[in-house]
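Below is one structure; the comments refer to it alone.
Because the structure is predicted, anything quoted here is derived from the model rather than measured. Residue numbers start at 1 and run along the sequence shown.
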Amino acid sequence: MGEYCAPAAAAVAEGEQPVAVAVLPLPPAARYQYGDYDRCSTKQVFDNLHGNISLDPLAREFVDTEEFQRLRDLKQLGLTYLVFPGAVHTRFEHSLGVYRLAGEAMNNLQKYQGNELGIDRIDVQTVKLAGLLHDIGHGPFSHLFEHEFLPRVNPGSTWSHEHMSALLLDSIVDKHSIDIEPDYLKVIKEMIVASSDVSTAEGVKEKRFLYDIVANGRNGIDVDKFDYIDRDCRACGIGSNFQHWRLLEDLSIHKLFTTRADLHRTVYTHAKVKAVELMLVDALVEANEYLGISLHADDPEDFWKLDDTIVKSIETAPNDELKKAKEIIQRIRRRELYKFCNQYSVPKDKLDHFKNITAQDIVCSQITSKVLLKEEDVAVSNVKIDLTRGKDNPLESIKFFKDFGCEEKFPITDERVSHLLPVCNQDRIVRVYAKKPELVEAVSEAFENLQLRMYGEKTQVHDTPTKKKRRFN
């Protein structure tokens, strides 16, 4: 700077009129281009699973909205933390993790097949944003809201968090004036809903594979699973043989599916976790008439205000009409849960024609008992665990190549798979609960009668222990 000021200083020293020095403004910073990566403009966020995550300017615009920050109040595993205390992670960190893995997957594709597949910076940015925003449409307590609560209050409901994510994304862009091309936004939304509506991507003529990276409805291999499997296993203290980086770099596909199934069996559908979920759904149903919870699911402007804190709203509401909902929540807090009676696995030869068991089925199976059961006395959980493709082997829907440069693709059929792997790829489990402890014996007997009526034998592993039946009588 001194050299530019020297002439003026010299002029003043000689008694001459000072020279006016024009200070030219610096050129304006170049506008961020969609898909550009500038390390100086990224923000580093440290994640306990993936380490540093670099957020580009456009991603930061979405993250800094109140709609995205809401994900901090949505636990990834809903009420599971009441059984697995470490499961307190949220949709917020999961979304950041999927953003990072989406970028990692795209970088690997670009590195090894970029020229062949025509991958450009716009593709990378679009897939990363789809990963970041794929879960913004989840309701309170995640899947419980979508699969348990809404079907109870709106029978036949087709609502999905993927479609709400797309609606909410439009609302966020308009409300916060986020500068993104409509065509890019359209593709992001299509990628988000691809897993729940495969037909969305069917009409795509170019780069169809991009729609399978975040949410893969065709064969179930996607970075969403990579993140939640690793993150959930770590939070719940469950050992995992699946390593996402090996799948990105090499091959360990079957471990992805089996580890996911193990999580469903051990954590997500744990008998006590389901007991708590059944109770909370009952509380939400009781409160819905007065709080209009389900009405918020139709409007993204209202929906984003719903999160897990709704339980507090019910507890602190002055309405006397919410008394029953409050009592159920208090029972949960006191760990006075619905009493698990027993369970059975649906026989393999009956899976094709199986229909969900209802409380009415249990009550109608009561023959003799000291008490007369009512539907409101019984809770039933119908659990489905598979490898993402129902009864089918997911490996059969995946195409493999013999080597690099080889254009011949082939599936791995059952006869090529190790004989140590399971023959059946699906399990259906029916669990029954008594809502009052003194009804355990009556509910257990009715449940056994149901199995005899349906299958001609009791398919449960063992009888309900006598001590458990009579503990509260």
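With Asn425 contributing its side chain and Lys391 its backbone, the two residues share a donor-acceptor pair below 3.5 Å. Judged purely by atom type and a 3.5 angstrom limit, Asn216 uses its side chain to pair as donor or acceptor with the backbone of Ile221. Side-chain atoms of Asp64 do not come within 3.5 Å of backbone N or O of Glu61 as any donor-acceptor pair. With hydrogens and angles ignored, the 3.5 Å screen pairs no side-chain donor or acceptor of Thr266 with any backbone N or O of Leu263. A donor-acceptor pair under 3.5 Å is formed between the side chain of Arg70 and the backbone N or O of Ile136. When atom types are taken as modelled, the side chain of Arg234 and the backbone of Asn48 share a donor-acceptor pair closer than 3.5 angstrom. The backbone N or O of Ala105 lies less than 3.5 Å from no partner atom in the side chain of Asn108, so there is not a single donor-acceptor pair. Side-chain atoms of Arg100 do not come within 3.5 Å of backbone N or O of Ile53 as any donor-acceptor pair. Arg389 places a side-chain N or O within donor-acceptor distance of the main-chain N or O of Arg218, the cut-off being under 3.5 Å. Checked by atom type and distance alone, the side chain of Arg260 pairs as donor or acceptor with a backbone atom of Asp386 at under 3.5 Å.
Ion pairing between a basic and an acidic side chain is recognised when a charged N comes within 4.0 Å of a carboxylate O; Lys189 and Glu162 show no such pairing. Salt bridge status for Lys274 with Glu277: present, with a side-chain N to carboxylate O gap under 4.0 Å. Taking the charged nitrogens against the carboxylate oxygens, Lys175 and Glu67 do have a contact shorter than 4.0 Å, which makes a salt bridge. Checked for salt-bridge contact, Asp183 and Lys186 miss the test: no charged N lies under 4.0 Å from a carboxylate O.
Of all non-hydrogen atoms in Lys435 and Asp282, the two that sit nearest each other are NZ-OD2, 3.0 Å. Of all the heavy atoms in Gly35 and Arg121, the pair that sits closest is O-CB, 3.4 Å. Scanning all heavy atoms of the two residues, the minimum distance from Thr269 to Arg431 falls at O-NH1, 2.5 Å. Taking both residues in full, the closest heavy atoms of Ala261 and Ile385 are given as O-CG2, 3.9 Å, listed atom of the first, atom of the second, then distance. Listed here is the closest heavy atom pair of Ile314 and Lys326: O-CE, 3.1 Å. A pairwise comparison of heavy atoms in Ile119 and Gln110 identifies O-NE2, 3.6 Å as the closest pair.
Summarising the geometry, atom OG belonging to Ser240 is positioned 7.0 Å from atom CD1 belonging to Ile229; distances are rounded to the nearest 0.5 Å. One finds the CD1 atom of Ile429 at 4.5 Å from the OG atom of Ser345 (value rounded to the nearest 0.5 Å). Here the CD1 atom belonging to Ile398 is positioned 10.5 Å from the CD atom belonging to Glu396, to the nearest 0.5 angstrom. To the nearest 0.5 Å, atoms CG (Asp212) and NZ (Lys207) are separated by 15.0 Å. Asp123 contributes atom CG, which lies 9.5 Å from atom CG of Leu117 (distance to the nearest 0.5 angstrom). Taking CG from Leu129 and NE2 from His134, the interatomic distance works out to 13.0 Å, rounded to the nearest 0.5 Å.
With sequence neighbours excluded, the residues that form a salt bridge (Lys or Arg N to Asp or Glu O under 4.0 Å) with Arg231 are Asp47, Asp227.
For the residue pair Ser294 and Asn288, a side-chain donor N or O sits within less than 3.5 Å of a side-chain acceptor on the partner. Judged by distance alone, the side chains of Ser160 and Glu146 never bring a donor and an acceptor atom under 3.5 Å apart.
A perpendicular orientation is assigned to the rings of His270 and Phe84, their planes being inclined by more than 60° (bins at 30° and 60°).
Residue pairs meeting the salt bridge (charged side-chain N to carboxylate O under 4.0 Å, His left out) criterion with at least one partner in residues 295-314, sequence neighbours excluded, do not occur; the list is empty.
Taking the six-membered ring for Trp, Phe340 and Tyr433 have ring centres closer than 6.0 Å. His161 and His147 have their aromatic ring centers separated by at least 6.0 angstrom. Taking the six-membered ring where the residue is Trp, the centroids of Phe149 and Phe145 are separated by under 6.0 Å.
The number of heavy atoms from other shown groups lying within 6.0 Å of CD (Glu289) does not exceed 12. Asn115 CG: 12 or fewer foreign heavy atoms inside a 6.0 Å radius. Remark: Gln360 CD is loosely packed, at most 12 non-hydrogen atoms of other residues, nucleotides or ligands lying under 6.0 Å away. For Asp320, the CG atom is loosely surrounded, since the number of other residues' heavy atoms within 6.0 Å does not exceed 12.
Cation-pi geometry between Lys75 and Tyr81 is met: the NZ or CZ atom falls under 6.0 Å from the ring centre, inside 45° of the normal.
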CA sep, side-chain torsions, deciding dist, call: Asp179, Tyr34, side chain to side chain donor-acceptor pair (under 3.5 Å): CA-CA 9 Å; Asp179 188 10; Tyr34 188 88; over 6 Å; no
Could you walk me through whether Glu315 and Gln330 pass side chain to side chain donor-acceptor pair (under 3.5 Å), step by step? CA-CA 9 Å; Glu315 288 183 301; Gln330 286 304 309; 2.9 Å; yes
For Thr309 and Asp73: C-alpha separation, side-chain torsions, deciding distance, then whether side chain to side chain donor-acceptor pair (under 3.5 Å) applies. CA-CA 7 Å; Thr309 61; Asp73 290 321; 5.8 Å; no
Apply side chain to side chain donor-acceptor pair (under 3.5 Å) to Asp232 and His89, showing your working.
-> CA-CA 8 Å; Asp232 295 352; His89 54 301; 2.7 Å; yes
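Residues Gln69 and Phe92 meet the side-chain proximity criterion, which asks for heavy atoms closer than 4.5 Å. Between Tyr211 and Glu190, some side-chain heavy-atom pair lies under the 4.5 Å cut-off. Proximity of Phe62 to His176: side-chain heavy atoms (C-beta onward) are nowhere separated by under 4.5 Å. Taking the side chain as every heavy atom from C-beta outward, Leu55 and Tyr99 approach each other to under 4.5 Å. Looking at Gln76 and Ser142, their side chains never come closer than 4.5 Å, going by heavy atoms from C-beta outward. For the pair Val83 and Cys236, the minimum side-chain heavy-atom distance is 4.5 Å or more. Put simply, the side chain of Leu58 reaches to within 4.5 Å of the side chain of Ile178, judged on heavy atoms. Side-chain contact between Met279 and Ile329 is absent, with no heavy atoms from C-beta onward closer than 4.5 Å.
The side-chain contact (heavy atoms from CB on, under 4.5 Å) with Lys128 is formed by just one residue from the set Val124, Thr126, Leu132; it is Val124.
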